[in-house]
Structures are given as structure tokens and as C-alpha cells.
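Encoded as C-alpha cells, the structure appears first; notes follow it.
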Amino acid sequence: MNRGFDFLKRKYYEILLPNLFTELSDKIGTILDVIVVGFLIGSTQLPALNVVSPFFLVSAIIYALYGQGGSLLAIKAKSDLKQEEADRYFTFSIVGCILSCLMYMLFLFVFADSLLHLLNIPPVIFNTSKTYLLIISGYFTLNTYMRVLAYFLKSDGKAKITLRAVIIANIINLVLDFLLFNLFEEKIVGIALALVIGYLVSAIYISKYLFDEEATFKLISPTKISLIKLDRFRRTALRKTPELVARVFLVLKTSVMVYLCATYLGDTGLLAFLVYDNLETIVYMFVSGITKTISPFLTLFYNENDYPSVEYITKLSTKHVLIFIITIGVLFIAFPQILLTIFNITAAKDQIIIALAIRITTIGLVGRCICMIISNYTQSISESRISAVINFLQEGILPFALIAMLIPVFRGLSIWITLTLADTIPVIVYLGIILSKKKKYSNLKNCALMIPKTISFHWTSIRGNFEEMDDNMQESNKDIIRNIKNLFEDDYLIIAGALEDIAKNLFIIEKTVSEIDISVIVNDGYIVLRFIYDGEKYEPFKNKELLEQQHIIDLNKLEHYFDYYRMFDMNFAYVKVFKN
């Protein structure tokens with residue numbers, strides 16, 4: 001009995017590209033601005049743009065809370081067949097995001113001067129930095145809203161809407177950069193406005209999902225929303241999103257590094273940190289695009305005890321991450337001049353410091369990517385404590401402890417050494433945690449993925465081969481079959497027959513379905529039959545002909561229930577049968 005993962009691989013690639021573009025939207029607009037400013041105005045103005053990094057990271061906390069936290073809660077509610085609860089999480093995520101962003105914009109407008117003074121921004125770029133920050137705060141809000149909505153679009157199999165929105169935003173941004181560039185005395189104003197206008201248009205476009213009658217997630221009535229309920233949701237999402245710990249400390253870490261660069265290395269230090277920050281952003285966007293792609297799959301399949309799917313999607317994504325980051329690492333360690341050319345950095349004194357910073361920090365990016373994989377995986381399978389430990393070490397304890405120890409000795413150089421060590425040490429800590437738990441699992445692989453022992457089997461039924469299904473069930477996985485027979489005794493034949501009838505019905509009614517992923521998962525006192533199939537929305541248990549099949553009639557005499565939902569633009573049909 002063989003199982004193919006074509007359905008999972010197909011959906012992975014289908015969602016991956018839009019997710020990569022969604023992650024690109026995180027900072028691709030500001031990266032484009034950096035490149036445009038570098039060539040149109042000169043690299044002397046680039047440090048002013050890098051000042052916004054800590055403030056942008058605050059908006060990332062907002063969309064991680066309401067986007068990732070809210071969507072994972074909604075997906076779990078869907079997998080538990082609680083549609084009303086899923087819609088409530090969706091609505092609270094959108095409303096909470098908008099309110100939080102508006103409050104953050106107000107905060108920036110009131111305290112911009114004080115915040116920039118805290119970062120020790122040089123007087124020569126202070127006013128330019130403030131102007132850019134205030135205008136770009138509109139981009140923070142629009143991008144955050146788009147990111148939150150994108151999490152739900154991805155889960156609903158509509159990631160292409162996000163892809164189109166990001167493309168629209170950045171085409172408009174790039175075109176308006178050149179059109180608005182000379183309209184203002186302070187040229188950076190036109191560049192910032194171009195970014196805001198581009199994302200405003202895209203935010204309006206992506207909002208069409210809110211009015212889509214076929215949407216998996218729907219807004220609930222305004223009468224069911226209150227500040228008390230919103231706050232309760234926020235606290236629930238906060239507990240389910242340990243990544244926020246990392247994001248809070250990342251804001252603090254980035255602020256401290258900007259301050260130290262300005263203090264010890266001046267404009268050159270800020271320019272070096274800008275190059276590092278944008279390189280890290282490029283790497284982050286790719287790796288985060290992959291981890292955010294697999295996150296809902298991991299949450300769903302781990303919650304349903306489908307551990308082979310968990311293992312498959314983890315292996316596939318990890319392979320892609322390692323190939324990418326090793327290639328990037330070798331390229332920029334050997335040829336840091338590539339980045340110097342991209343950002344148009346020509347001064348000899350700047351090139352020496354920045355090339356050294358690139359080589360040192362690129363080593364740490366490998367560890368940073370592995371930490372992202374670990375954090376995303378453990379969070380997706382509700383191992384929040386491990387995720388919190390890794391994040392707290394990487395963004396909290398290690399950067400501040402290391403910089404305190406190294407700055408008296410290495411001065412400005414300690415900034416790059418600290419960033420590298422802080423991204424590498426947590427990987428070693430995770431290996432220690434895994435090895436300490438080895439005795440609880442059957443092997444080291446299951447220990448690393450925290451996969452418990454379970455009784456289940458899975459296979460792919462191809463159109464035309466379902467006649468052999470029952471024979472396959474008898475001949476393969478005999479120990480699992482024995483467990484099912486022990487649980488259901490003579491009723492096993494009814495369950496096997498019903499399983500075959502449902503599969504036949506799907507192939508007959510849904511002509512576009514060429515294969516069905518079938519799972520039989522045995523739990524304490526009940527068994528779950530699960531069918532995953534592509535194509536148009538079709539709920540087999542509403543089909544009269546199927547319900548009149550003898551095995552289904554016999555199944556109705558047992559304690560059971562049918563259910564169905566649609567996720568990732570695929571159909572999920574379930575039969576849950578309890579032991580009499």
C-alpha cells in the first residue's frame with residue numbers, strides 16, 4: 001500500500017511563490033527605495049533610510065500577533081470543525097490589526113523626535129530621517145494589514161490574490177519613485193510617498209476577499225465585537241505565538257545595534273548596518289516564505305496525527321532552505337563587492353568596513369535560518385516553550401550579553417561578531433534539548449520532529465485501482481489491521497467497505513479527481529477515516545446514492561459522525577467511528 005505525496009507537494013509549490021512575494025512585501029518596498037536613493041541621490045543619504053528599521057520591526061510584531069497567531073487559531077478551529085469560532089478569530093484578527101496600526105502611527109507622530117534622539121542619530125541626517133519615518137509609517141500600516149489578510153488567504157487557497165497585490169504595489173512604487181522624485185525639494189519625500197501610494201492601492205485590491213461569498217473565513221457581525229472580546233483574543237493569540245518574544249527583542253536588539261553603529265562607527269557604521277540589514281532581509285524573506293508556507297500544513301497534519309505528512313513537508317522545505325543559504329553564504333563571503341556595487345558604495349573607507357561586516361555576519365545567517373526553521377516548526381506543533389527558548393536566546397539574552405562582553409575589547413567590530421554568535425549558539429542549545437528527550441521517542445528522527453508513536457496508515461488511491469483497496473488493506477500493515485480489528489471486531493468489515501464506497505463515490509462524481517489521499521488513524525476508542533482530494537467543492541456525505549450503499553447503511557448503525565471542510569483549496573472528508 002503506497003502513499004504518494006503529490007497532493008502535498010503540489011499545494012506546497014502552489015502556495016510557495018505567492019508566499020515568497022508576500023514576504024518580499026515585508027521590506028521589498030524599502031529595499032527598492034534604498035537602491036533608488038543610492039543611485040539617484042548617492043550613498044550618503046542611505047543611513048537616513050536605515051534608521052526606520054527598528055520602527056518597521058514593531059509593525060512586524062503586530063502582524064505576527066494577528067496574522068500568524070490568529071490564522072493558526074482559526075485553522076485549528078477549522079480542523080476541529082468549528083466554523084463559527086474560526087470566523088470569530090478571522091474577524092478579531094482584522095479588526096485588532098487595524099486598531100493597533102492606527103495607535104502605532106499616532107505614537108510615531110507624537111514621539112518621533114524623542115525616539116530618533118534615543119538612537120543617537122547624527123544631526124546631519126536627523127531631519128531627513130524624521131521626514132522619511134513619518135511618511136513611511138503609512139506604509140507600515142498598509143503592509144501590516146496586507147500581511148495579516150495574506151495569512152488567511154493562504155489557508156483558503158487564494159494566495160495568488162496576495163501575489164498580485166504585492167506585484168501591483170511594487171510596480172506602482174517603482175514607477176512613482178521616478179515620477180515624484182523631482183517634485184519635492186527634499187527628494188526623499190517623493191520616494192516615500194511612492195511607496196505609501198503603491199501599498200494603498202494594493203490594500204484596497206486585496207480587501208475584495210472580505211466580500212467574497214466563497215471565502216472560507218468570513219467577517220462576523222459588528223454587534224459580536226467588543227473591546228473586551230478583542231483583548232481576550234489578543235491574549236489567546238499571544239500565548240499561541242511565542243515568535244512574538246523574538247520580535248520584541250529583535251526591535252530592542254536592532255535599536256541597540258543602530259545606536260552602537262552610530263556611536264562607534266558614525267555614518268559608515270550606519271551604512272554597514274544598512275547593508276547587513278538588507279542582506280538579512282533578503283535571506284529572511286526567502287526562508288520566512290518557506291516556513292510560512294508549511295506552517296498551516298504542519299499545524300493541521302500534526303493536529304490530525306498525520307505524521308508522515310509532517311515529516312515529508314519538513315524535509316522538503318528544509319532542503320530548500322539549506323540549498324539557498326549555503327549558496328548565499330559562499331557567494332557573499334567570497335565576493336562582498338557584489339553588495340557594495342548594488343548599494344553604490346564607492347568610498348574606500350566605507351568599503352573596507354562594510355566588506356568585513358558582510359563576511360562575518362554572512363556566517364551567522366546560516367544559523368539564523370536554522371533557528372527560523374526550528375522556531376516555526378515547534379510553534380506550529382504547539383511546542384511553544386521550545387520555540388520561546390530558542391527565540392529568547394537568539395534575540396534576547398545572547399545579543400545583549402555578548403555585546404556587553406565584547407564591546408570593551410573589539411569596539412565596533414564586536415557588533416558583527418555578536419550578530420554571528422547570537423544566531424549560531426541557539427542551534428547548539430536545540431540539539432542539546434533534543435538529545436535530552438531521545439529516550440521518549442523511537443528514534444532520533446522522531447525525537448527531532450517530536451513525533452509520538454501512533455497507530456495509523458496512509459495511502460494514495462489512484463482512479464481505477466480502488467477495487468484492490470480492501471485486498472491492500474488486508475495484505476499490508478497487518479499489525480495496524482490487527483489493532484483495528486481488536487477495537488471493532490466484526491465491525492471492521494463494515495468500516496473497510498464504507499471506506500471503499502466513499503472512495504468510489506468520489507471518483508465517480510468528481511470526474512476531475514485522479515487520486516485521493518486516504519488515511520486511517522486509530523485512537524483510543526475510535527477510528528478516523530480521512531479523505532483528501534482536489535477539485536471543486538464536493539461533500540460526499542450529502543450524496544443520496546452514497547448514503548444508500550449497504551456499507552454506509554450498516555455504518556449508520558454504529559456510533560459515528562461524518563464531516564467535511566475545505567482548506568488549502570482542497571476537500572477534507574471525515575468519518576469518525578466510535579467503539580460500541
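- Residues S414 and V409 fail the side-chain proximity criterion, which asks for heavy atoms closer than 4.5 Å.
- The shortest side-chain heavy-atom distance between D423 and Q394 falls under the 4.5 Å cut-off.
- Checking side-chain atoms of T420 against main-chain N and O of I360 turns up a donor-acceptor pair under 3.5 Å.
- Looking at heavy atoms from C-beta onward, L149 lies in side-chain contact with L210 at the 4.5 angstrom threshold.
- In terms of heavy-atom proximity, I325 sits nearest to V366 at CG1-CA, 3.7 Å.
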Q: Quick one: do L331 and I338 satisfy side chain to side chain contact (heavy atoms under 4.5 Å, CB included)? Show the steps, please.
A: CA-CA 9 Å; L331 180 66; I338 295 174; 3.8 Å; yes
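- For H117 and F126, the ring centers sit closer than 6.0 Å to each other.
- In this structure, F140 and Y104 have parallel ring planes: the angle between them is below the 30° cut-off, well short of the 60° mark.
- When all heavy atoms are compared, the tightest approach of Y264 to G412 is CB-CA, 4.3 Å.
- For T254 (side chain) and V251 (main-chain N/O), no donor-acceptor pair under 3.5 Å exists by modelled atom type.
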Q: Could you give me the CA-CA distance, side-chain angles and deciding distance for V58 and F107, then say whether side chain to side chain contact (heavy atoms under 4.5 Å, CB included) is met?
A: CA-CA 12 Å; V58 174; F107 174 81; over 6 Å; no
Q.
Is there a side chain to side chain contact (heavy atoms under 4.5 Å, CB included) between I386 and Y377? Walk through the geometry before answering.
A. CA-CA 10 Å; I386 295 177; Y377 182 82; over 6 Å; no
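- Here L365 contributes atom CG and F324 contributes atom CZ; the two are 9.5 Å apart, rounded to the nearest 0.5 Å.
- Pairing each heavy atom of T418 with each of P399, the nearest pair is CG2-O, 3.4 Å.
- The residue from Y63, Y151, F217, F233 that alone fulfils the side-chain contact (heavy atoms from CB on, under 4.5 Å) condition with S93 is F233.
- For S100 and Y66, the side-chain atoms include at least one donor-acceptor pair closer than 3.5 Å.
- Rounded to the nearest 0.5 Å, atoms OG1 (T361) and CG (L419) are 7.0 Å apart.
- Residue L193 comes nearest to F184 through the heavy atom pair CD1-CZ, 3.5 Å, listed as atom of the first residue, atom of the second, then distance.
- For the residue pair S71 and G67, the shortest heavy atom distance occurs at OG-O, 2.7 Å.
- Two residues are said to be in side-chain contact when any heavy atoms from C-beta on lie closer than 4.5 Å; S59 and N143 fail this criterion.
- A heavy-atom distance below 4.5 Å is found between the side chains of L279 and T362.
- Across F178 and L174, no two heavy atoms sit closer than the pair CD1-O, 3.2 Å.
- Distance check: Q379 CD to R385 CZ gives 15.5 Å after rounding to the nearest 0.5 Å.
- In this structure a side-chain-to-backbone donor-acceptor pair under 3.5 Å is present from T291 to S288.
- Within the 4.5 Å cutoff, the side chain of I161 has heavy atoms near those of the K208 side chain.
- Side-chain atoms of S380 do not come within 3.5 Å of backbone N or O of T299 as any donor-acceptor pair.
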Q.
Working note: I353 + L271, criterion side chain to side chain contact (heavy atoms under 4.5 Å, CB included); need CA distance, chi angles, decisive distance, verdict.
A. CA-CA 10 Å; I353 293 177; L271 191 55; over 6 Å; no
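- To the nearest 0.5 Å, atoms CG (L270) and OH (Y259) are separated by 12.5 Å.
- Between F56 and I136 there is no side-chain heavy-atom pair separated by less than 4.5 Å.
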Q: Step by step, work out the side chain to side chain donor-acceptor pair (under 3.5 Å) result for S207 and Y145.
A: CA-CA 9 Å; S207 295; Y145 167 74; 2.6 Å; yes
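- With values rounded to the nearest 0.5 angstrom, F392 atom CZ is found 4.0 Å from I397 atom CD1.
- Taking CG of N120 as the reference point, atom OG1 of T263 lies at 4.0 Å (rounded to 0.5 Å).
- Using a 4.5 Å heavy-atom threshold, the side chains of C369 and F286 count as separate.
- Taking the centre of each ring, F273 and Y276 come in below the 6.0 Å mark.
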